[in-house]
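FYI, side chains are in, hydrogens and waters are out, and symmetry mates aren't considered; it's all heavy atoms of this structure. Chain naming here is simple, since letters A, B, ... match the order of the sequence lines and numbering starts at 1 in each.
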Amino acid sequence: MIVSVRVQTQDFSLDAEVAALTAEGDPGAVAYFTGHVRKEGNLSSLTLEHYPGMTEAEITRMAQEAASRWPLTGVTVIHRVGRLAPGDRIVLVAVASSHRRAAFEACEFLMDYLKTSAPFWKEEARNGESHWVAARASDDAAMNRWRK
Amino acid sequence: MIVSVRVQTQDFSLDAEVAALTAEGDPGAVAYFTGHVRKEGNLSSLTLEHYPGMTEAEITRMAQEAASRWPLTGVTVIHRVGRLAPGDRIVLVAVASSHRRAAFEACEFLMDYLKTSAPFWKEEARNGESHWVAARASDDAAMNRWRK
Amino acid sequence: MNLLYFAWLRQKIGKGEETMALPDGVASVADLIAHLKSLGPGYADAFAEDGRVRVAVNQKHSGLDAKVAADDEIAFFPPVTGG
Amino acid sequence: MNLLYFAWLRQKIGKGEETMALPDGVASVADLIAHLKSLGPGYADAFAEDGRVRVAVNQKHSGLDAKVAADDEIAFFPPVTGG
């Protein structure tokens with residue numbers, strides 16, 4: 001199985017990532033998710049911090065857990081860090097499988113996992129002031145759906 | 001809401017489609033699906049036929065139904081027709097929302113709908129012989145999950 | 001009425017489209033299929049198993065009991081396999 | 001031991017990383033937090049609400065009762081907000 005996990009400051013190309021993800025195996029189905037910085041109101045920027053080493057290891061472990069639950073041919077996770085502007089893409093999760101339901105479920109599982117377990121922290125700048133984004137109970141609830 | 005529905009012979013750019021899809025509204029979440037021609041064994045090509053007029057109208061109706069069920073800011077559906085080679089992309093469904101769960105569910109709903117209701121037919125060429133692909137009961141079962 | 005045939009129905013009948021006056025005694029899709037079956041072996045083969053044929057009247061999925069009229073567009077096709 | 005602080009813990013404590021000998025009497029994460037709180041107002045503020053702080057021992061999510069040893073990497077951070 002292809003597993004590609006990257007934490008990076010630069011943006012990514014969906015077309016290039018999908019070409020790489022589907023190069024091996026015979027996936028008929030690819031499900032993706034991208035998260036984008038909100039453009040609402042007074043948000044001027046979002047800065048993302050992570051725990052180098054642990055973050056990549058956690059996401060790779062998540063990808064392997066997904067592959068143990070669903071029949072997957074590949075997983076790509078790219079998470080950006082550093083300063084992002086409204087509208088910028090923050091994260092990509094792409095999952096390839098021979099079954100579309102498996103691709104969708106594994107993609108959603110990985111997003112819920114990223115939101116609740118991967119060590120990233122968001123700091124928002126609004127009107128010249130910065131504050132750390134609080135974790136949301138709804139994300140924990142989403143993750144709890146997947147507990148065995 | 002942005003609704004873009006196209007039936008076309010040429011391939012598409014995911015990055016360009018997502019840029020267009022997220023240009024309006026403030027979607028924090030975009031869920032996508034692409035279907036790919038299998039590369040397995042002796043499949044030499046796949047030819048897709050559709051019902052011009054009805055196909056576009058059906059998909060647009062599906063997109064509006066999705067928007068009535070989930071809070072969406074945009075839907076893009078591109079379905080290719082004509083002769084495709086193994087590994088080629090067949091279909092793109094992309095759904096933008098402010099809520100990731102809504103984006104995932106609406107994307108999966110639209111794929112199930114496309115598989116069971118949009119007038120497309122696939123003909124496979126193998127070893128110099130062509131045959132029409134049969135509809136699958138599992139696709140009908142997937143669609144039945146969404147009936148109210 | 002304008003009749004359209006797709007996929008293997010088109011191949012069995014040998015054409016994708018034809019225009020036809022509303023035949024006498026035809027009021028529903030089921031009546032129309034019975035009439036078409038009488039037009040030749042290609043038609044008879046295409047409609048041999050009614051359960052495998054789907055129909056759209058004026059571009060809307062319809063059932064065998066749907067009414068048909070002289071100016072309708074009526075399409076016959078196998079269960080769909082897109083996506 | 002190597003200690004790491006992220007997000008607002010880093011800001012309150014005023015540094016992102018420090019090396020420290022295993023303090024006397026410290027055997028668990030809870031012991032370590034109690035010790036750190038005694039090191040100054042920045043630490044006391046960072047750990048004022050234990051429930052808001054998460055910990056990883058050697059890059060694995062851990063609880064307050066996890067054991068700590070002299071050569072561990074121990075990270076403190078708020079609930080995560082990526083994705």
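Between D/Val80 and A/Trp121, the closest heavy-atom pair is CA-NE1, 3.8 Å. A/Met54 and D/Ala56 get closest at one heavy-atom pair: SD-CB, 3.6 Å. In terms of heavy atoms, D/Phe6 sits closest to A/Pro52 at CE2-CD, 4.3 Å.
Of the residues considered (A/Arg80, A/Lys115, A/His50), A/Lys115 shows the highest number of contacts with chain D, using heavy-atom pairs under 4.5 Å.
Using a distance-only test at 3.5 Å, with no hydrogens or angles considered, a donor-acceptor pair links the side chain of A/His79 to the main chain of D/Gly83. For the pair D/Thr81 (side chain) and A/Ala134 (backbone), a donor-acceptor distance under 3.5 Å is absent.
Within 6.0 Å of CZ on A/Arg83 lie no more than 12 heavy atoms contributed by other residues, nucleotides or ligands. Heavy atoms of other residues, nucleotides or ligands lying less than 6.0 angstrom from CD of A/Glu129 number 12 at most. Sparse packing is recorded around CD of A/Glu24, with 12 or fewer heavy atoms of other residues, nucleotides or ligands lying under 6.0 Å away.
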Using the rule given for side-chain contact (heavy atoms from CB on, under 4.5 Å), can you reason through D/His61 versus A/Glu58, listing the C-alpha separation, both sets of side-chain angles and the distance that settles it, and then say yes or no?
CA-CA 9 Å; D/His61 291 293; A/Glu58 268 286 301; 3.6 Å; yes
Show, in sequence, the C-alpha distance, side-chain angles and deciding distance for D/Arg10 and A/Glu49, and conclude whether the salt bridge (Lys or Arg N to Asp or Glu O under 4.0 Å) test is met.
CA-CA 11 Å; D/Arg10 174 176 49 72; A/Glu49 181 173 328; 2.4 Å; yes
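How far CH2 of D/Trp8 is from NE2 of A/His131: 14.0 Å, rounded to the nearest 0.5 Å.
Defined by atom type and a distance below 3.5 Å, a donor-acceptor pair is present between the side-chain atoms of D/Gln11 and A/Trp132.
With a 4.5 angstrom heavy-atom cutoff, A/Thr55 does not touch chain D via any of its atoms.
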